[in-house]
Amino acid sequence: MDAAERPDPARTLESMAREALAALERKSLRRHLTDTGRTRPNAAERGGRELISFSCNDYLNLSHHPEVCRAAIRAIETYGAGAGASRLVTGNHPLYRALETRLARMKGTEAAIVFGSGYLANTGIIPALVGKDDLIVMDELAHACMHAGARLSHAKVTVFRHNDIDACRDVLAARRARYGHCLLLTERVFSMDGDVAPAAGLAELAREFDAWLMTDDAHGFGVLDAGDPSHAKDVPLQMGTLSKAVGAYGGYLCAAEPVIELIRNRARSFIYTTGLPPSVVASADAALAIMEQDPDLIARPLAKARLFTSLLNLPSAQSSIVPVILGEEERALAASDALREQGFLVIAIRPPTVPEGTARLRFTFTAGHEDVDIRRLADGVRPFIHRA
Ligand SMILES: *Cc1c(COP(=O)(O)O)cnc(C)c1O
């Protein structure tokens, strides 16, 4: 080919990007970053306007708690702004030990390991435990990072109908015997639906079929409890994040010591990445200390969510997350826009985050929401529900 006829890769790259974006735009699936100033709990400043946020996962408002913030400042003053290396090199600053010891105690396990994020945790843990001769059985609505971890493991992956114990049993009965090990994956509280997994029933199936049950507790920890050591007997692999109710950042796994030691040696998203900044680890530990000491704080997000569901005659909230499913992307976006006009930030959630045809408003409630605001919010949402 003549140089003159050769396509210019800078051009083909850009035109690929433009066409892909135009396709998303046509389907109302294009996403945009919006500057959002969270300068106070439950406040979100956008475009010069302060909105009351019902879209943050900071369920206990701990990201702004003075003790949590002070812990970060002290850590920076002592250990600097960054960890400097992977934890297995020189990045394992002493704050990690306090955090992991506390997490293991709260969850009732021998040990814990902290990753850079929940996403990194799931993409590291799953391939560290199972491989190509093994089976993964997972809830169809499990978070994207569990699906990513499952794919990275090269194990056979099968999903079962959301929260359906019988469907899970059918999958295990049909397939389990053909594989070496089996990992059973679910979320404790589903991030886009707010419903709770049938953990006891799944634990029973796990025992019957020799499967290792792992729950992702991203949205339960700090809302349903501050860790409950009695769960350890049913759920040997308790994964979660420090970025939601804990208000900081990082992911974790709580499990038996040999399991955690294997993860330290095998999880690539633990080994080949820099340790968390000392400030983040210190904040998480300070926030967990507050969670341990304040059961009244932990009870509040669910109470707020239940006020909202009772005002709208919706099924009673099971967690701090309440979805209102509106179907088409455009309807969810229009409802979100209307609520913004009334001073509320409620993000519309669209496919592929949720299944096709189930675009929704996802409301999250925090300890600090005022009842009067929840009542006004319910008034704003009511017309959309009645048209659904
Ligand atoms: C948010 C979330 C994660 C990811 O956690 P990060 O710490 O934000 O990376 C994992 N699993 C579930 C269920 C989540 O909701």
Side-chain angles (χ1 to χ4, degrees), residues 31 33 36 38 53 55-60 62-63 68 96 99-100 103 107 112-127 136 138-152 159 162-163 183-197 199 202 213-224 235 237-254 263 267-270 273-277 279-281 283-285 287-288 301 305 318-323 347 349 352-355 360 362-366:
R31 295 158 191 242
L33 277 175
T36 306
R38 295 179 62 247
S53 173
S55 283
C56 300
N57 300 322
D58 188 11
Y59 302 123
L60 302 174
L62 289 173
S63 71
V68 174
Y96 269 117
L99 175 59
E100 289 175 341
L103 271 172
K107 295 280 186 171
I113 181 171
V114 169
F115 287 77
S117 72
Y119 197 106
L120 287 171
N122 274 331
T123 56
I125 295 162
I126 297 169
I136 293 175
M138 63 197 293
D139 189 288
E140 63 184 345
L141 295 187
H143 194 266
C145 62
M146 277 194 266
H147 284 277
R151 223 180 284 173
L152 285 170
V159 300
H162 175 55
N163 273 353
L183 193 55
L184 179 54
L185 301 177
T186 191
E187 293 183 25
R188 186 167 173 222
V189 169
F190 281 81
S191 60
M192 295 299 140
D193 293 80
D195 53 346
V196 174
L202 291 172
L213 177 59
M214 180 164 96
T215 57
D216 179 335
D217 197 14
H219 297 278
F221 194 35
V223 175
L224 301 187
V235 186
L237 298 161
Q238 302 192 56
M239 179 272 160
T241 175
L242 303 167
S243 66
K244 302 211 166 126
V246 184
Y249 199 59
Y252 64 82
L253 176 69
C254 295
I263 300 286
R268 298 176 68 83
S269 62
F270 176 79
T273 189
T274 301
L276 281 167
S279 54
V280 170
V281 175
S283 290
D285 192 46
L288 291 177
Q318 297 177 41
S319 70
S320 51
I321 302 164
V322 178
I347 305 291
I349 309 282
T353 306
V354 291
R360 66 194 66 187
R362 172 182 179 269
F363 298 86
T364 54
F365 294 87
T366 80

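One-based numbering along the sequence shown. When a ligand or atom number is given, it counts from 1 through the structure's own listing order.
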Donor-acceptor pairs under 3.5 angstrom involving side-chain atoms of residues 138-148: please list them, not counting sequence neighbours.
{"unit_1": "D139", "atom_1": "OD1", "unit_2": "L141", "atom_2": "N", "d": "2.8"}
{"unit_1": "D139", "atom_1": "OD1", "unit_2": "H162", "atom_2": "ND1", "d": "3.0"}
{"unit_1": "D139", "atom_1": "OD2", "unit_2": "H162", "atom_2": "ND1", "d": "3.3"}
{"unit_1": "D139", "atom_1": "OD2", "unit_2": "N163", "atom_2": "N", "d": "2.7"}
{"unit_1": "E140", "atom_1": "OE2", "unit_2": "H162", "atom_2": "N", "d": "2.9"}
{"unit_1": "H143", "atom_1": "ND1", "unit_2": "C145", "atom_2": "N", "d": "3.1"}
{"unit_1": "H147", "atom_1": "NE2", "unit_2": "A142", "atom_2": "O", "d": "3.3"}

Would you please name every residue forming a ring pair (Phe, Tyr, Trp, His ring centres under 6.0 Å) with Y96, sequence neighbours left out? H93
Looking only at atom types and distance, does a side-chain atom of S269 sit under 3.5 Å from a main-chain N or O of A121, one as donor and one as acceptor? no
Contact table ligand 1 N or O to protein N or O, d under 3.5 Å:
{"unit_1": "ligand 1", "atom_1": "7 (O)", "unit_2": "G118", "atom_2": "N", "d": "2.8"}
{"unit_1": "ligand 1", "atom_1": "7 (O)", "unit_2": "T241", "atom_2": "OG1", "d": "2.7"}
{"unit_1": "ligand 1", "atom_1": "7 (O)", "unit_2": "S243", "atom_2": "OG", "d": "3.2"}
{"unit_1": "ligand 1", "atom_1": "8 (O)", "unit_2": "S243", "atom_2": "OG", "d": "3.3"}
{"unit_1": "ligand 1", "atom_1": "9 (O)", "unit_2": "G118", "atom_2": "N", "d": "3.2"}
{"unit_1": "ligand 1", "atom_1": "9 (O)", "unit_2": "Y119", "atom_2": "N", "d": "3.0"}
{"unit_1": "ligand 1", "atom_1": "11 (N)", "unit_2": "D216", "atom_2": "OD2", "d": "2.6"}
{"unit_1": "ligand 1", "atom_1": "15 (O)", "unit_2": "H219", "atom_2": "NE2", "d": "2.6"}
{"unit_1": "ligand 1", "atom_1": "15 (O)", "unit_2": "K244", "atom_2": "NZ", "d": "2.7"}

Rounded to the nearest 0.5 Å, the CE atom of M214 sits from the CG atom of L253 at a distance of 7.0 Å
Checking T353 against R362: is there a side-chain donor and acceptor pair closer than 3.5 Å? no
Salt bridge (charged side-chain N to carboxylate O under 4.0 Å, His left out) filter on R38, not counting sequence neighbours, yields D58
